[in-house]
Visitor: 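Okay, handing you the structure first.
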Amino acid sequence: MGEERRVLTGEHFLTGDHACAEGGMAAGCMFFGGYPITPSTEIAERMSLRLPEVGGIFIQMEDEMASMNSILGAAWGGWKSMTCTSGPGFSLMMENLGLGIVLETPTVLVNIQRGGPSTGLPTLSGQADMMQAKWGSHGDYEIIALAPNSPQEIFDHTIKAFNLAEQYRTPVLVMSDESVGHMTEKVIIPPREELKLVPRNYTKKKPGEYLPFECGEDEIPEMVKAGDGYKIHITGLTHDKRGYPDISAEAQDWMVRHLMNKIQKNKKKIIEVERINMDDAEVVVVSYGISSRVAHRGMDLARKTGVKVGMLRLITVWPFPDYMIKELAERVKAFVTVELNFGQIALEVERYVAGKAKCYLVPHAGGDVHKPEDIAEAIKEAAK
Amino acid sequence: MNKPAAHLETAIVEQDTHPMADLLRMDRMPHIWCSGCGLGTGLTCFIMALKETGIPEDKVAVVSGIGCTGRVAGYLNLDSFHTTHGRGIPFATGLALANPDLRVVVYSGDGDLVAIGGNHFIHSARRNMDLMVVCVNNFTYGMTGGQAGPTTPISAKASTAPYGSYDYPFNIPYLAIASGATYVARWTSLHMRRLKNSMREALPKKGFRVIEIICPCPTAFARKNRLGSGLDLMKHYHDNSIIKHGADPREADIDMNGKVVCGTFLDIERPTFRDFQTENIAKQLGGE
Ligand SMILES: Cc1ncc(C[n+]2csc(CCOP(=O)(O)OP(=O)(O)O)c2C)c(N)n1
Ligand code: SF4
Ligand SMILES: [Mg+2]
């Protein structure tokens with residue numbers, strides 16, 4: 001038992017869910033509070049096996065409100081923490097995702113999306129929680145959400161999510177899907193020393209000098225943990241830089257702007273996309289997660305018929321790469337968004353294309369993935 | 001504004017520091033609580049108890065949910081967390097597990113802890129989590145203006161029970177014990193010495209400890225039930241209390257006119273969640 005069991009360096013065949021858990025382990029996670037739900041349960045199961053090996057704690061909470069709160073508490077206790085869930089549990093986590101955002105707490109929430117609404121399709125894929133990821137908790141805020149499309153990527157992205165959480169002192173979402181969660185593929189876990197991990201940005205200030213929500217130009221406040229003598233007070237009420245409640249329009253304006261700016265000002269550093277066949281592209285496929293793999297095939301089929309089509313694969317879905325869409329809209333003919341819903345990210349694309357190019361959606365209710373042929377047809381239609 | 005009389009001015013100057021100023025966030029005073037509210041006396045007991053235990057202040061964290069009682073976290077000069085309604089216990093669970101050097105106290109209201117947070121309360125008791133829970137029971141939702149709640153006695157009036165509340169209230173000591181708590185006591189906010197002693201006793205212990213404080217809420221509860229001022233109500237609870245250590249918790253129901261059974265209902269030890277983690281799991285992994 002000990003830290004030597006933390007990173008399972010080597011070549012493995014893993015499901016996406018297990019790769020996600022290993023990503024959490026490699027990132028330094030010490031605490032997992034969760035509630036079982038298909039298709040994310042295997043992450044919790046793997047963490048219950050793995051965390052005790054490194055002296056960490058797995059706790060199965062009584063529900064998802066408790067799970068989400070427990071990982072916030074663990075973060076303020078000084079540990080890296082995470083949870084995972086799917087549709088119905090994601091809904092229950094919204095209340096305290098909001099608390100995490102307002103307390104500016106570094107932590108990671110993984111959603112292995114299934115078909116919804118309600119209990120929906122427990123064992124089948126969906127991508128219809130993408131707008132909930134952005135707007136699901138009440139009030140205005142910005143969030144960071146990643147969308148891995150393979151077991152290797154969910155391993156990498158879980159580490160990336162932990163790093164972003166520490167860098168921006170905020171909860172980060174990994175918005176995967178059942179297809180990725182349950183597929184088995186090769187996953188390479190690098191040697192420990194090759195992992196790039198972001199440690200917690202603990203303040204060097206002394207108690208009395210430190211304010212939990214004070215920040216510089218970059219809008220990112222430093223952290224402390226309970227028990228270190230800072231005697232912090234933090235609250236879910238609108239607060240000032242000291243963390244004290246301030247129920248006024250002025251304080252609200254400062255706090256909400258700060259929460260938005262923290263992500264928006266830094267978005268060019270946060271956002272990652274993959275561009276495929278974009279050099280000569282006249283039609284751009286926008287996709288993410290499992291849909292991006294099917295869309296890739298659709299793109300190849302369309303290319304064979306002579307259509308100049310490329311793909312902008314979103315690795316970071318939130319914050320949305322609005323500036324990239326705007327720039328592309330100036331020079332391409334059309335956008336085709338492919339996602340397992342009836343147009344969530346497609347709306348964002350349309351919003352930033354702002355009439356400068358045609359916009360198409362290849363919708364899907366979930367429960368399966370698209371047919372590449374349908375995507376190819378949509379691309380051809382868009383190219384006309 | 002009228003100028004105070006000269007002798008009053010002197011009195012104000014001489015009393016410029018509160019005797020508990022070191023453990024209160026004086027920069028947050030005045031507090032929001034009504035005059036006659038019992039929350040202040042309970043908090044005084046807590047501060048005295050904490051000092052008497054000698055536990056370093058840096059090693060105590062207080063977590064609250066939402067409500068008048070929930071504001072306690074904001075007034076204590078300790079690491080303090082004001083979370084969401086009912087969720088103090090799960091937040092505190094993560095905090096306590098990540099940082100075993102901390103004594104974690106959840107300080108919240110009856111509605112917070114046994115209505116919206118009721119599931120967390122019973123499951124945390126079941127796990128025997130290392131948490132001390134102070135539940136201030138004022139028989140109502142004070143913060144939101146006196147609605148009926150999970151402890152409102154049968155027939156008591158509330159803003160959402162204009163004809164009287166007719167669903168059965170929880171008996172908190174019974175609930176706590178049945179769910180697995182290892183230390184359970186109840187006092188009224190006028191039993192200041194006994195309440196303080198109970199808190200002093202519970203603070204250093206391990207496991208899930210629950211102290212219920214029967215607390216007057218003159219504004220939201222007493223007024224609707226014509227029970228008089230805060231002081232009247234405090235006296236009423238105190239005079240109608242009977243102290244019976246080790247009492248059967250099933251006999252600790254509270255109704256509008258009956259007795260309030262106070263005392264230490266239970267004080268036992270059993271392995272905590274952490275004990276199981278460190279002992280049983282570590283053993284299987286070949287550790288100590
Ligand atoms: C999810 C949610 N529901 C409702 C509320 C509104 N609310 C705030 S405090 C409170 C009740 C507080 O009652 P109690 O816990 O007994 O505390 P008291 O004010 O009596 O001390 C309610 C219902 C809320 N803040 N959050
Ligand atoms: S409403 Fe009741 S509980 Fe709240 S501060 Fe006033 S008296 Fe106290
Ligand atoms: Mg109450």
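Below, read A as the first sequence line, B as the second, and so on, with proteins coming before strands; counting in each chain starts at 1. Only a predicted model underlies this, so the values are computations on that prediction, with no experimental measurement involved.
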Visitor: For chain B, which of A:G236, A:P207, A:S67, A:A66 has the most heavy-atom pairs under 4.5 Å?
Guide: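 The candidate making the most pairs under 4.5 Å is A:A66.
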Visitor: Can you find a side-chain donor-acceptor pair between B:H123 and A:Q60 that sits under 3.5 Å?
Guide: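 No, A:Q60 and B:H123 have no side-chain donor paired with an acceptor closer than 3.5 Å.
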Visitor: Quick one: of A:P245, A:G229, A:A226, A:S81, who has the most non-hydrogen atom pairs under 4.5 Å with chain B?
Guide: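 Greatest number of close heavy-atom pairs with chain B: A:A226.
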Visitor: Answer yes if the side chains of A:Y168 and A:E104 hold a donor-acceptor pair under 3.5 Å, and no otherwise.
Guide: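 No, A:E104 and A:Y168 have no side-chain donor paired with an acceptor closer than 3.5 Å.
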Visitor: Any donor-acceptor pair under 3.5 Å linking the side-chain atoms of B:T93 with those of B:R127?
Guide: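 Result is no, nothing qualifies.
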Visitor: Establish, yes or no, whether a centroid distance under 6.0 Å links the rings of A:W254 and A:F213.
Guide: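 Not close enough - the centres of the two rings lie 6.0 Å or further apart.
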Visitor: For B:E269 and B:K206, what are the C-alpha separation, side-chain angles and deciding distance, and is it a side-chain contact (heavy atoms from CB on, under 4.5 Å)?
Guide: CA-CA 8 Å; B:E269 269 183 35; B:K206 296 205 300 179; 5.9 Å; no
Visitor: As an exercise, state the distance from CZ of B:F273 to CE of B:M129, rounded to the nearest 0.5 Å.
Guide: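 Going from the CZ atom of B:F273 to the CE atom of B:M129 covers 5.0 Å.
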Visitor: Take A:R169 and A:E222 through the test salt bridge (Lys or Arg N to Asp or Glu O under 4.0 Å) and record every step on the way to the result.
Guide: CA-CA 8 Å; A:R169 219 188 105 175; A:E222 296 170 333; over 6 Å; no
Visitor: Heavy-atom cut-off 4.5 Å, strictly under: side chain, backbone, both or neither for B:A73 against chain A?
Guide: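 Contact with chain A: backbone and side chain both.
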Visitor: Mind ranking B:I89, B:T84, B:V104 by heavy-atom pairs under 4.5 Å with chain A and telling me who comes out on top?
Guide: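 So the answer, after comparing B:I89, B:T84, B:V104, is B:T84.
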Visitor: Among the options A:D228, A:L237, A:V102, pick out the one with the most heavy-atom pairs lying under 4.5 Å from chain B.
Guide: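 The option with the most such pairs is A:L237.
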Visitor: Between A:Y244, A:F31, A:Y230, which residue shows the highest count of heavy-atom pairs closer than 4.5 Å to chain B?
Guide: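 Answer, by heavy-atom pair count under 4.5 Å with chain B: A:Y244.
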Visitor: By a 4.5 Å heavy-atom criterion (distance strictly below it), what part of A:L99 contacts chain B: side chain, backbone, both, or neither?
Guide: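 Interface part for A:L99: side chain.
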Visitor: Where does B:L97 contact chain A at under 4.5 Å (heavy atoms): side chain, backbone, both or neither?
Guide: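 For B:L97, the contact with chain A is made by backbone and side chain together.
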Visitor: Among B:P90, B:G74, B:G88, which has the most heavy-atom pairs under 4.5 Å with chain A?
Guide: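 Looking at each of B:P90, B:G74, B:G88 in turn, B:P90 comes out on top.
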Visitor: Report the option among A:D63, A:I232, A:L103 that has the most heavy-atom pairs separated by less than 4.5 Å from atoms of chain B.
Guide: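 Highest number of heavy-atom pairs under 4.5 Å: A:I232.
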Visitor: For this output row, return yes or no: ring centroids of B:Y107 and B:F81 closer than 6.0 angstrom.
Guide: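 For B:Y107 and B:F81, the ring centres are not under 6.0 Å apart.
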Visitor: At a heavy-atom separation under 4.5 Å, does B:R71 approach chain A through its side chain, its backbone, both, or neither?
Guide: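 Side chain only.
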Visitor: Measuring heavy-atom distances to chain B, does A:M30 have an atom under 4.5 Å in its side chain, in its backbone, in both, or in neither?
Guide: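 Interface part for A:M30: neither.
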Visitor: Heavy-atom pairs under 4.5 Å with chain A are the metric here; pick the option from B:N99, B:L95, B:D79, B:N77 that has the most.
Guide: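 Option with the top pair count is B:D79.
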Visitor: Taking A:K80 for its side chain and A:A27 for its backbone only, find out whether a donor-acceptor pair lies under 3.5 Å.
Guide: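 Checking the backbone N and O of A:A27 against the side chain of A:K80, a donor-acceptor pair under 3.5 Å is found.
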